[in-house]
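Notes to accompany the following structure.
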Amino acid sequence: RLADLVERGVPLADWPRGWFSVAQPVRLAGPLLSGRPRRGEALRRAMRQGRDAALHEIRLAGLRGCGGAGFSTGLKWRLAKEAVGAARYVTCNADEGEPGTFKDRLLLARRPDLVFEGMSVAGYVIGAKRGLLYLRGEYAYLMPHLRATLRRRHAEGLLGNRVLGTDFSFDIDIQLGAGAYVCGEETALLESLEGRRGIPRLRPPYPVSAGYLGGPTVNNNVETLAWAAHILARGAAGFRARGTAQSPGGKLLSIAGDVAAPGVYEFDFGITVREVLMACGAADTQAVQVGGPSGVLISAADFDRRIAFEDLSTGGAFTVFDASRDLVDIARQFTHFFAFESCGLCTPCRVGTQLLARAADQLADGRAGGADLRRIEETGRLMRQTSHCGLGQTAANPLLDLLSRFRPLCESRLRGDGFAPDAVDGRRPC
Ligand code: NAI
């Protein structure tokens, strides 16, 4: 398996034939996956430097949030550090619910120390005493492994009272989610952490000023925290030297779908979609979903675009569909996913996702007319503008992208076009 090759540090040249076709400048197994800062290295270095210098290092590196939005991590930490409030917190968003994303799962399985170390460093910088890792319900099987890692860190003085003999005390708890996609939205996650139903809060205030239990809170994705620890252990320069000016460093991608070698890959930001496709052995690619269903579905016309916050930003999902796939059916499935996962708080999302799911069924079954396509676009735009949180704002993306980038495909499925629901052009559903 790819992960085993990465884990064992097998040089690229020794990988089985067909697992990748481009060695340079593509980086398949970079420092986050195969580098091994020693346990405690980042924290020790941060504490030697002091809070301000450690924060400066993160800002110098230009690290941006790996959940997908790309907010400056250094700015987030500074805002939480300077916010007024007695108790501060660090929360780690390990509710990796976006379909097609599994890189955080690999990090938690293979690099848990790096993730916990990132939480400790963030806690040290902002002056928090408590960290909480919110673990996706479906990842419950990782719990014993993560708890054992925490116990080891306690035993080595990296967690608990007087960390490494200093006046800094910090502890980490793990809380299990219950499988709701919306709890990946940071304020719904905070509600859930506090023991309530996961419904997104109004922002502002942002968590940096009023987060967990109302205290200033740094909430970061698993990968962001792992990178933060890596930067503190190895310095900002190496990170800054990679990627693009606006998106420095590396990014883990969860590559799945119609590729020869699916898995978690580490690339420098700025790599093109085409290069990624070559690296993972994709052929006859019809479309790629970058960032999962809440992200963007692109066609071959966009394969020279770059994975970077200034171009195609992604939390990590990179799902490949070859020419045999029925994209209309795929968009239909994702639209139903959002309808199922809507928390129901706001009308645009609660009603809009149901309307879109019905319209997607009609389109996929050959029962839609031209006016239905226009209605999908109107509903989608309305949801994007008026929904309360990211779920409703992005739920129409699979259908809207299908309509804008694969219009002829949609039109060929309209009522009266000779479409036979059983045949579907010989295309396979997802
Ligand atoms: P956002 O851009 O509103 O916020 C991103 C982060 O920056 C948050 O932590 C927020 O608290 C912070 N922030 C933003 N403005 C701030 C300000 N003025 N002051 C202080 N802090 C501020 O993005 P949001 O709504 O939190 O997340 C949407 C993103 O999540 C999308 O871009 C999408 O790519 C990604 N996403 C990721 C998923 C995953 O599984 N990783 C699933 C679905 C969406």
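Numbering of ligands and ligand atoms starts at 1, following listing order. Note that the structure is a prediction, hence the values are computed from the model and not measured.
Thr73 places none of its side-chain heavy atoms less than 4.5 Å from the side chain of Lys76. Here the side chains of Met143 and Ile174 are in contact, with some heavy-atom distance below 4.5 Å.
Taking the six-membered ring wherever Trp is involved, the centroid distance between the rings of Tyr265 and Phe318 does not fall below 6.0 Å.
The shortest contact between atom 44 (C) of ligand 1 and any protein heavy atom is with Ser294 OG, 3.7 Å. Of all protein heavy atoms, the one closest to atom 18 (N) of ligand 1 is Tyr206 CE1, 3.5 Å. In this structure, the protein non-hydrogen atom closest to atom 10 (C) of ligand 1 is Glu186 OE2, 3.0 Å. Given atom 43 (C) of ligand 1, the protein heavy atom at minimum distance is Glu98 OE1, 3.2 Å.
Under the 4.0 angstrom criterion for non-hydrogen atoms, Pro207 is in contact with ligand 1.
Salt bridge absent: Arg48 and Glu57 never bring a charged side-chain N and a carboxylate O closer than 4.0 Å. Contact check on Arg136 versus Asp104 returns no salt bridge, with no Lys/Arg side-chain nitrogen under 4.0 Å from an Asp/Glu carboxylate oxygen.
When heavy-atom distances to ligand 1 are checked against a 4.0 Å cut-off, Phe309 has no atom that comes that close, whether in backbone or side chain. Under 4.0 Å from ligand 1, not a single heavy atom of Thr394 appears.
Within the structure, every pair that satisfies the ring-ring contact (aromatic ring centres under 6.0 Å, His included) test and touches residues 84-143, not counting sequence neighbours, is listed here: Tyr89-Tyr212, Tyr124-Phe168.
Near Leu79, with a cut-off below 4.0 Å to any heavy atom, the atoms of ligand 1 are 20 (C). Close approach to Val208 involves these atoms of ligand 1, each under 4.0 Å from a residue heavy atom: 20 (C). Close approach of ligand 1 to Gly68 (heavy-atom distance below 4.0 Å) involves ligand atoms 32 (O), 34 (O). Each of the following atoms of ligand 1 lies closer than 4.0 Å to a heavy atom of Tyr181: 42 (C), 43 (C).
Counting only distance, with no hydrogens or angles, the side chain of His145 and the backbone of Ala109 share a donor-acceptor pair below 3.5 Å.
Side chains of Asn219 and Thr217: a donor-acceptor N/O pair is absent below 3.5 angstrom, by distance only.
Of the candidates Arg203, Glu185, Arg136, the one placing a heavy atom closest to atom 1 (P) of ligand 1 is Arg203. Nearest to atom 28 (C) of ligand 1 by heavy atom, out of Gly67, Ala69, Pro204, is Ala69.
In terms of N/O distances under 3.5 Å, ligand 1 is approached by Lys76.
Across all their heavy atoms, Phe269 and Lys251 have their closest contact at CZ-CD, 3.3 Å.
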